[in-house]
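Throughout, protein chains are lettered first and strands after them, A, B, ... in sequence-line order, and every chain is numbered starting at 1. Treat the numbers as computed from the prediction; the structure is a model and nothing was measured. Scope of the values below: all heavy atoms of this structure, side chains included, with no hydrogens, waters or symmetry mates.
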Amino acid sequence: MPEKFKKPYDHQATEGAIYKRWEESGFFNPDKLPPIEDTDGRKQERKEPYTIIMPPPNANGSLHVGHALFVTLQDLLIRYKRMRGYKALWLPGADHAGFETQLVYEKKLEKEGRSRFKMERDEFYKETLAFTLENKKFMEGQLRDLGASCDWSREKFTLDPDIVKTVYDTFKKLYDDGLVYRGARPVNWSNKYQTSLSDLETKAIERKDPLYYLKYGPFTLATVRPETKFGDTAVAVNPKDKRYAEWVGKEIEFEGLIGLVKLKVVADEYVDPEFGTGIIKVTPAHDPNDFEIAQRHNLPVVEVIDRYGKLNEKCGKYAGMKIMEARAAVVKDLQEKGLIEKIDESYTHTIVVNYKSENDILEPRIIPQWFVKMEPLAALAKEAVEGGNIRIFPDFQKKIFFHWLQNLRDWNISRQIVWGIPIPAWFKGDEIKIGEESPGEGWSKDPDTFDTWFSSGQWPFATLGYPDSTDYKTYYPTSVMETGYDILFFWVMRMIMLGLYRTGEVPFRDVYLHGLVRDVHKQKMSKSKGNVIDPLAVTKQYGTDALRMAFLVGNTPGQDMALSEDKIRAYKLFANKLWNIARFVLSEVRGGELKQELKTEFDALAAEVTDDIENYRVYLAAEKLYHYLWDRFAAEIIEESKGKPEYAETLHYILENSLKLLHPFMPFITEEIWQSLPGKKGYIMVEAWPLR
RNA sequence: GCACGCUUAGCUCAGUUGGUAGAGCAACCCGUUUACACCGGGUAGGUCGCAGGUUCGAGUCCUGCAGCGUGCACCA
C-alpha cells in the first residue's frame, strides 16, 4: 500500500498533477481515445459520437459559481459517455460578449478617469481585445482547475476568423431570404451607453411618477411625459367612446407653449376609455404604442429628443434641456398658464431599463436598425420542440418556451458599440449592399456591430466548421445543450432557430437547464451582499471533487439551488471517507470468492445510477453513490468483513467498480486511488463503465 | 394582466412511475479497544401551505385558494 494512504486525502497535492496527466494523455480529444473492450476483453470500435458544446464563458472576468456548476454537470456527462465507449467531444470556447464586456471595460476606464467617447474607435477596440484575451487565458486555467475534460485542441473564440465568416454567411443568407431587414422601428435606446438594445436586454421596473392631466384645447388628457408634447402628432380616443365620437376625424387647435398646436383626433382601439380621461396624446417618435397608432393612421413621426436624451431644436426654448430638466420646466410653464388640471402623485407604472444597469432608463427611439424577422424562425423552433426533435429537461421549461413564442417582436441585432463583430453592410443613399468589401465609390460602411447573441446563436454549427468540415459531419447535431434557464431565450432559443435555419437540423437533441446557484438562504449571490462563493477558492480549500458533489447532490434541474460552505465541507469528508475505504481494502490481500449476493446488490446500484444519469437525474445518482459507499459499503460490508479474509475479493470488486461509477462525479480522487491499485496502469478516465 | 415554479424536520433541500416520510448542516448524549476523530454509536425534531376531490391507499394525481419567487406583457 502506498505511503500516501497513511495520511488523510490531500487534494492539493493531487488535483493539479492529475489534470496535467489527463491533458497529456490526449484522451480529451475523441480522435485519440483508445478502443473499448467488450465484456470478453476484445477490442471494439468506439460507439457513435457524443457531443457537448460548452457555453462559452464571457471572457471579461473570473469564473463564478454558475460556470463551475455547468462545468460540473457537463464534465459529468462527458466522462460518463466516454467511459461507456462513445466518441465523447466536449468543445470549449470563450465569448467576446459584446455589450457586456464593453460595459465592464468602460467601468474600468471610468475608474481610471477615462472614457471611450474620448478615444478613437481602433484604440478602444484594441484595448478591449487585449483585456478580453487576458481574461480568456485566465479562465482557461480555471476550467482546468475545475477538472473540465474538454478538448482544448478544438477551442473556439467568438471572434475567430472562421466563426466571423460563418456569422457573415448567415447574415447574408437571412438578408437574401428577406429574414433580415433594415427598418426604422422603435428600439430601446441607452443614452448612457449610446446604443440600442434588444427587447431581451431590457427589464421593466415599477416606479412612481406624477401623472399630469394636461389641457389640450377642448380636451384634458393624462401623461407622465409632458416634455414629449412637442412631438405630438395627434390625439387619440377609443372608437366606441361616445363622449368624443363627434370629434373623431376633426382637428383641435390651441395655443401651446411654443406656438399654435394643431392635432388631428383619431380613433384607435388601443385607447382604454376607462383610464384617465380616455384621451391620449400620440407621440410616435417617443412611445412604441404611439408609433403603432401612427402607422395605423398615417401620422407623421416627429423626433424631439436626441440621442443624448436632450430636447432638440424643435422644442423652442426647451431645446438642449435633458429629459427630466425639460419635464420640470414644461410643467412649471404649463402650470403658470393654467394648463394643468391636476397632478396624480401616486401613479405607479413600469419603465424600461437596461437589464445590466437599473439606473440606465431606456428611451424608445425610432431609428434605422437591423432586424431579424422572428415569425418564420420561431415556427421552426416550435415545430422542433413540439415534434420531440428537441427534448427539454425539466419538462416544465417547455411551457415557458412556448409561452415566450406567443409574444414575439422582431429582433434588433445591431448595436452602436465598438466591441463586437462589425456588420458587413454598406449604404449609399437608400441603397444597401451586404459584404465585407466596399462595393465602390460613395458607399459608406455600417459602423455598427452585431448583438453578441446573434453570433453565439450560431455557436453549435459555427464551432464545428459548418458546412464542409469532418467535425461538422461527425459531431453535428450535438447531443445535449446544458446551460442555465436564465438564458433560455437569449441563447438556447436563438441557437435552435438559427441552427435549424442554417443547417436544416436541430443543433442539439436535448436541452438540460440547470437552476441558478444561490447562497444558503436562497439569496442571489452578489458582491454588495458579501455572500459570493468563489468556486476557485473553494476548490483550493476543500477540493474540486467536494465542490462538484456539492453541486450535484440534491440539485434538481431547472430549480435554483442553495450552496453553502457546510455542504461543500460535507463532501470533502466524503472524499476522505472514500480514501480510507481504499486504504482498508488495499490492506486486504486478494482472496476468497466474489460473494454473489453482494455483487448482485452492487450491480443493482450500478444499474440504477446508470439509469439516473441517462435520464438526467444526476442528483439522485450522486446521492445513491454517497449513501451506498458510506452507509452500506463502509459501515456494514467492511465492518462485517473484518477478520474474514474470504471477503477480500468482494471488497476489491466493489471498490474498483465504485470508483468507476464515481469517476464522473469525483474525477480526481477516483483517478488517484485507481492508479494506486495494484496492477492498474491506465487511466480510470477511459476505463469501461461497469454496465455495458 | 398572462404564464411558470416553489410551499416537506431549526436552515437548505431530496422524495424518478401513488403503498403509512429522507439527506446534509445545525442541536443534544456517548465513545479515541485503529481503515477513517476529515471518525463511530445514539437521541430529539415533520398534522408534507390551506380546503375539497379521486383511490383500498396521496407528500406524490385532480380542483380551488393563499403566500413567496421568476418570466412575459404597449395601459398613456
Euclidean distance for P, B:G41 against B:G49 (whole angstrom): 32 Å

Heavy-atom donor-acceptor pair, A:Lys572 side-chain to B:C38 base, under 3.5 Å: yes

Taking atom C1' in both B:G46 and B:A9, compute the distance separating them and give it to the nearest angstrom. 5 Å

Any idea which of B:C72, B:C74, B:C39 is nearest the A:Asn289 side chain? B:C74

Does B:C25 have a Watson-Crick or wobble mate here (both distances under 3.5 Å), and if so which one? B:G10

In the strands shown, is B:C48 matched to any nucleotide by a Watson-Crick or G-U wobble pair with both distances under 3.5 Å, and which? none

Out of B:A14, B:C72, B:A76, whichever nucleotide has its closest atom nearest the side chain of A:Phe489: B:C72

Expressed in whole Å, how much space separates the C1' atoms belonging to B:A26 and B:U63? 39 Å

Nearest heavy atom decides the nucleotide; on that basis, is A:Ala582 or A:Phe396 closer to the 5' end of RNA chain B? A:Phe396

Measure from the side-chain N and O atoms of A:Thr220 to the backbone N and O of A:Tyr213, and report whether any donor-acceptor pair falls under 3.5 Å. no

Select one nucleotide: of B:G24, B:C4, B:G15, the one nearest the side-chain heavy atoms of A:Leu620. B:G15

So, with a heavy-atom separation below 4.0 Å from RNA chain B, the residues of residues 555-569 of chain A are A:Thr556, A:Gln559, A:Ala562, A:Asp566

Per A:Pro8 side chain, nearest of listed nucleotides B:C74, B:C38, B:A76: B:C38

Given B:G71, B:C75, B:C25, which nucleotide is nearest the side-chain atoms of A:Ala570? B:C25

With the side chain of A:Trp630 defined as its heavy atoms from C-beta on, choose the nearest nucleotide among B:G40, B:G24, B:C74. B:G40

Given the C1' atoms of B:U47 and B:G59, what is the spacing between them in whole Å? 12 Å

Does B:A37 pair with anything, Watson-Crick or G-U wobble, both distances under 3.5 Å, and if so, with which nucleotide? none

Which listed nucleotide (B:A35, B:A14, B:C74) is nearest to the side chain of A:Glu623? B:A14

Base of B:A35 paired with side chain of A:Lys642 (donor-acceptor, under 3.5 Å): yes

Just wondering, more than 12 heavy atoms not from A:Lys264 lying within 6.0 Å of its NZ? no

Euclidean distance for C1', B:C56 against B:U16 (whole angstrom): 24 Å

Please tell me which of the listed nucleotides, B:C75, B:G71, B:C39, lies nearest to the side chain of A:Tyr347? B:C75

With distance as the sole test, does A:Asp560 use its side chain to make a donor-acceptor pair with the main-chain N or O of A:Gly515 at under 3.5 Å? no

With respect to the side chain of A:Lys399, which nucleotide from B:G41, B:A76, B:C4 is positioned closest? B:C4

Check every atom of B:A35, B:G15, B:A76 against the side chain of A:Val224 and return the nucleotide holding the closest atom. B:A76

